[in-house]
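Quick note on labels: first sequence line is chain A, next is B, and so on, each numbered from 1.
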Number of protein chains: 2
Amino acid sequence: MSEGRPPVPASPTLEDVARAAGVSRATVSRVINGIRNVDPMIQETVRQAIAETGYVPNRAARSLVTRRTGAIALIVSGAGEESGENPFHSQVFADPFFGRVASGVVGFLRPRGIHPILMFAETAEARAQVIAYLRQGNADGAVLVSTQAQDPLPRLLVDASLPAVLFARPAEPIPISYVDVAHRTGAKLAADHLVARGRRRVGTISGPLDVPASQDRLSGFRDAMAAHGYPYIPCVEGNFTLNSGEAAMERLLAEHPGLDGVFIANDLMAQGALPVLRHHGRRVPDDVAVVGFDDSSAATASRPPLTTIRHPVEDMAAEMARLLLAHVDDLDQPVTSIIFEPSLVIRDSA
Amino acid sequence: MSEGRPPVPASPTLEDVARAAGVSRATVSRVINGIRNVDPMIQETVRQAIAETGYVPNRAARSLVTRRTGAIALIVSGAGEESGENPFHSQVFADPFFGRVASGVVGFLRPRGIHPILMFAETAEARAQVIAYLRQGNADGAVLVSTQAQDPLPRLLVDASLPAVLFARPAEPIPISYVDVAHRTGAKLAADHLVARGRRRVGTISGPLDVPASQDRLSGFRDAMAAHGYPYIPCVEGNFTLNSGEAAMERLLAEHPGLDGVFIANDLMAQGALPVLRHHGRRVPDDVAVVGFDDSSAATASRPPLTTIRHPVEDMAAEMARLLLAHVDDLDQPVTSIIFEPSLVIRDSA
DNA sequence: CTGAAAGCGCTAACAC
DNA sequence: GTGTTAGCGCTTTCAG
């Protein structure tokens with residue numbers, strides 16, 4: 001025993017399996033890839049040889065010839081504010097939303113034996129790296145969830161003709177597939193519910209108004225309220241964070257102390273708003289009814305738990321992955337958008 | 001123009017660059033891989049040719065010969081309770097902690113051009129898939145963060161001699177590298193602070209007692225309090241979730257109404273405990289001082305913001321990635337554990 | 001210091 | 001049906 005560590009038992013190759021089964025590499029390859037035209041008897045022999053040798057196909061070799069990696073990138077993208085102390089990605093993943101997206105993507109991909117490569121793209125440099133990475137053939141395509149409007153990455157992806165699917169409609173029209181939820185419908189659900197609960201003096205806290213989702217939730221809410229006979233709905237703009245929800249609620253209450261209902265564009269802001277209402281002596285839902293949006297974990301973590309608009313994030317994420325795979329399989333696949341319907345979840349806040 | 005879509009401009013290969021530069025493939029390969037022994041003039045020519053052709057190395061081809069993928073897996077592992085409705089990974093990522101780990105890992109890896117493959121391993125099947133995936137050479141190794149003690153995956157990894165590093169000390173001793181924080185020191189910090197604040201009737205809410213971290217935090221806290229002259233510290237066991245914090249606080253308060261201080265083993269449970277205290281008429285910190293653990297986003301989201309024990313999760317995660325790369329580079333690298341020191345972060349709750 | 005040549009393990013024509 | 005063979009794009013001895 002003079003060698004350092006021979007125990008690295010160079011994993012078996014197709015050749016080894018072929019020899020063990022007494023057939024050619026091609027035949028083994030055929031049964032592995034599920035191609036018919038192989039005698040059932042031989043198939044069985046081969047399968048056994050595979051089991052005996054403990055063979056696993058080498059992905060690099062396969063990729064080299066198929067020009068497919070069997071991997072896709074899951075990109076979390078934003079319009080880079082780099083606060084050294086608390087990096088972008090650190091904050092981003094604190095939002096339970098991304099966990100749900102990741103979950104949905106993995107849920108769809110995993111049964112297919114493929115796993116997402118996690119990438120963040122918050123700066124120009126990071127975006128360039130993402131593009132280069134994909135061009136190297138590290139992944140066949142990308143699913144992308146942006147935290148900000150005006151994200152330059154979708155455009156870059158399209159320009160590089162890399163298959164990609166977005167989680168939400170891009171702010172600028174770009175020929176790229178995406179999944180989204182019917183924000184306006186969701187906002188209408190909230191409005192109808194508030195009115196049904198007898199609320200007359202209703203306000204709203206919106207998300208950042210440069211992102212389409214925020215715009216749609218706001219305009220959808222106002223239109224629905226108008227249809228109920230309430231043409232003027234005061235609004236304070238937030239930015240989807242807990243702190244901004246707190247601040248916005250503070251302001252809304254100061255400007256409209258008579259408020260008896262509020263629609264808040266996401267649950268995290270609503271979670272921030274609740275203590276503010278309490279602090280100002282408003283009971284929820286008795287004095288002020290609150291409806292959130294997302295049905296995120298913040299909704300159940302809030303006290304009282306939030307009545308909110310649920311969109312099927314996991315399903316949407318799964319669909320996004322499915323769409324991407326379709327694009328990867330057929331580069332001529334037409335650009336598509338798929339819109340999901342939201343639903344009202346009634347808890348205690350309204 | 002009869003072709004369907006010729007515009008797929010087969011990306012340039014080494015060969016193309018070599019031709020453009022008037023040298024051999026070997027030479028181009030050398031300059032790309034930063035091997036000296038190349039005439040500076042020629043180096044320059046090659047660099048230019050690379051730029052002109054827009055060449056990017058094909059990773060599959062490279063992997064095939066180097067037997068390295070340049071990828072690593074980031075595995076989130078737990079002891080599988082599969083609740084169909086709300087999948088494991090969905091819940092897991094709702095915990096901001098995992099976002100911080102992901103962030104730290106990416107922060108270290110990205111400058112090195114490598115990106116983690118995200119995998120979940122909550123069932124026996126999923127674990128088998130993870131092992132097979134790594135054996136296929138899809139990744140050179142894995143960093144692993146478990147949500148539960150008794151996770152079988154570390155053992156499987158070791159048995160398959162796959163390079164891996166854990167985020168925390170495994171419940172069973174296993175020859176595998178890990179990073180961790182000095183939980184006992186952190187707990188002592190909390191105890192000292194509570195005592196310094198003049199608290200005499202102190203209790204604690206622990207994490208699940210089958211995980212080493214929970215044990216250490218509890219025993220560390222009790223030992224430190226004993227040293228201060230308080231040998232009996234009542235404890236209620238939680239499971240690190242917000243709801244369990246709520247329930248545990250409820251019970252602790254019922255059993256020890258005279259409580260004036262409580263150490264809660266993570267911020268999320270503390271976030272759940274705060275409203276319970278308030279509901280029972282206790283002001284925080286005046287009547288009851290609360291110290292959490294983690295300095296997670298729950299600490300700042302709580303009202304009042306939590307005094308807590310911070311551990312440098314991002315740094316630890318980065319170190320975990322660094323360690324893994326060391327193991328990948330040298331399979332004979334000895335098993336190591338690296339322990340980080342926590343610190344006290346004083347906010348308003350104590 | 002540079003080039004020629006031999007594969008890495010696999011798939012996909014193409015023969016038989 | 002099955003085997004033969006030619007590479008996929010790259011790194012790496014080995015000559016020169």
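- Defining each end axis of the helix from C/dC1-D/dG16 to C/dC16-D/dG1 as the rotation carrying four pairs' C1' atoms onto the next four, with five pairs an end, the two axes are found to diverge by 40° to 10 degrees.
- Taking all atoms of both residues into account, the shortest heavy-atom contact from B/S24 to B/A18 is C-CB, 3.7 Å.
- Judged as a side-chain contact (heavy atoms from CB on, under 4.5 Å), and not counting sequence neighbours, the contacts of B/S337 are B/Y178.
- In this structure, A/D140 contributes its side chain and A/I72 its backbone to no donor-acceptor pair below 3.5 Å.
- With hydrogens and angles ignored, a donor-acceptor pair closer than 3.5 Å exists between the side chain of B/R30 and the base of C/dG3.
- Applying the side-chain hydrogen bond (donor to acceptor under 3.5 Å, both in side chains) rule to A/S29 yields the partners A/N33; only residues at least two apart in sequence or on another chain are considered.
- Between A/I32 and A/V17 the shortest side-chain heavy-atom distance does not fall below 4.5 Å.
- Distance CG (B/L14) to P (C/dT2): 16 Å, rounded to an integer number of Å.
- Note on residues 65-77 of chain B: pairs passing salt bridge (Lys or Arg N to Asp or Glu O under 4.0 Å), not counting sequence neighbours, are B/R68-B/D329.
- A/P154 is linked by a side-chain contact (heavy atoms from CB on, under 4.5 Å) to A/L144, A/D151, A/L166, A/I174, A/I176, counting only residues two or more places apart in sequence or in another chain.
- Scanning for side-chain contact (heavy atoms from CB on, under 4.5 Å) contacts around B/A21 gives B/V23, B/T45, B/V46, B/A49, with sequence neighbours left out.
- Near DNA chain C, meaning a heavy atom under 4.0 Å from it, residues 45-53 of chain B has no residue at all.
- Nucleic acid contact for A/T27: sugar-phosphate only, since backbone atoms but no base atoms lie under 4.0 Å from a heavy atom of the residue.
- Toward the 5' end of DNA chain C, the nearer of the two residues B/A26 and A/N33, judged by each one's closest nucleotide, is B/A26.
- In 5' to 3' order, the nucleotides of DNA chain D bounding all contacts with chain A (an atom under 4.0 Å from a heavy atom) are D/dG1 to D/dG9.
- Put simply, CD1 on A/I32 is 7 Å from P on C/dT11, counting in whole angstrom units.
- In this structure, B/I75 CD1 and B/F120 CZ are separated by 11.0 Å, a value rounded to the nearest 0.5 Å.
- Within the 4.5 Å cutoff, the side chain of B/L325 has heavy atoms near those of the B/L109 side chain.
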Which pairs would a plain distance check flag for residues 128-138 of chain B, meaning a side-chain donor or acceptor within less than 3.5 Å of a matching protein atom at least two apart in sequence or in another chain?
{"unit_1": "B/Q129", "atom_1": "NE2", "unit_2": "A/R110", "atom_2": "O", "d": "3.1"}
{"unit_1": "B/R135", "atom_1": "NH2", "unit_2": "A/G54", "atom_2": "O", "d": "3.2"}
{"unit_1": "B/Q136", "atom_1": "OE1", "unit_2": "B/N138", "atom_2": "ND2", "d": "3.3"}
{"unit_1": "B/N138", "atom_1": "OD1", "unit_2": "A/R59", "atom_2": "NE", "d": "2.6"}
{"unit_1": "B/N138", "atom_1": "OD1", "unit_2": "A/R59", "atom_2": "NH2", "d": "3.3"}
{"unit_1": "B/N138", "atom_1": "ND2", "unit_2": "B/Y133", "atom_2": "O", "d": "2.9"}

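- A heavy atom closer than 4.0 Å to some atom of DNA chain D occurs in A/L64, A/V65, these being the qualifying members of residues 54-65 of chain A.
- Residue pairs satisfying the salt bridge (Lys or Arg N to Asp or Glu O under 4.0 Å) criterion with at least one member in residues 160-170 of chain B, sequence neighbours excluded, are listed as follows: B/R169-B/D216.
- Between B/R25 atom CZ and C/dA6 atom P the separation is 11 Å, expressed in whole Å.
- Across the protein-nucleic acid pair, A/E15 atom CD and C/dT11 atom C1' stand 14 Å apart, rounded to whole Å.
- Under the rule for a side-chain contact (heavy atoms from CB on, under 4.5 Å), the partners of A/Q48 that lie at least two apart in sequence or sit in another chain are A/E44, A/E52.
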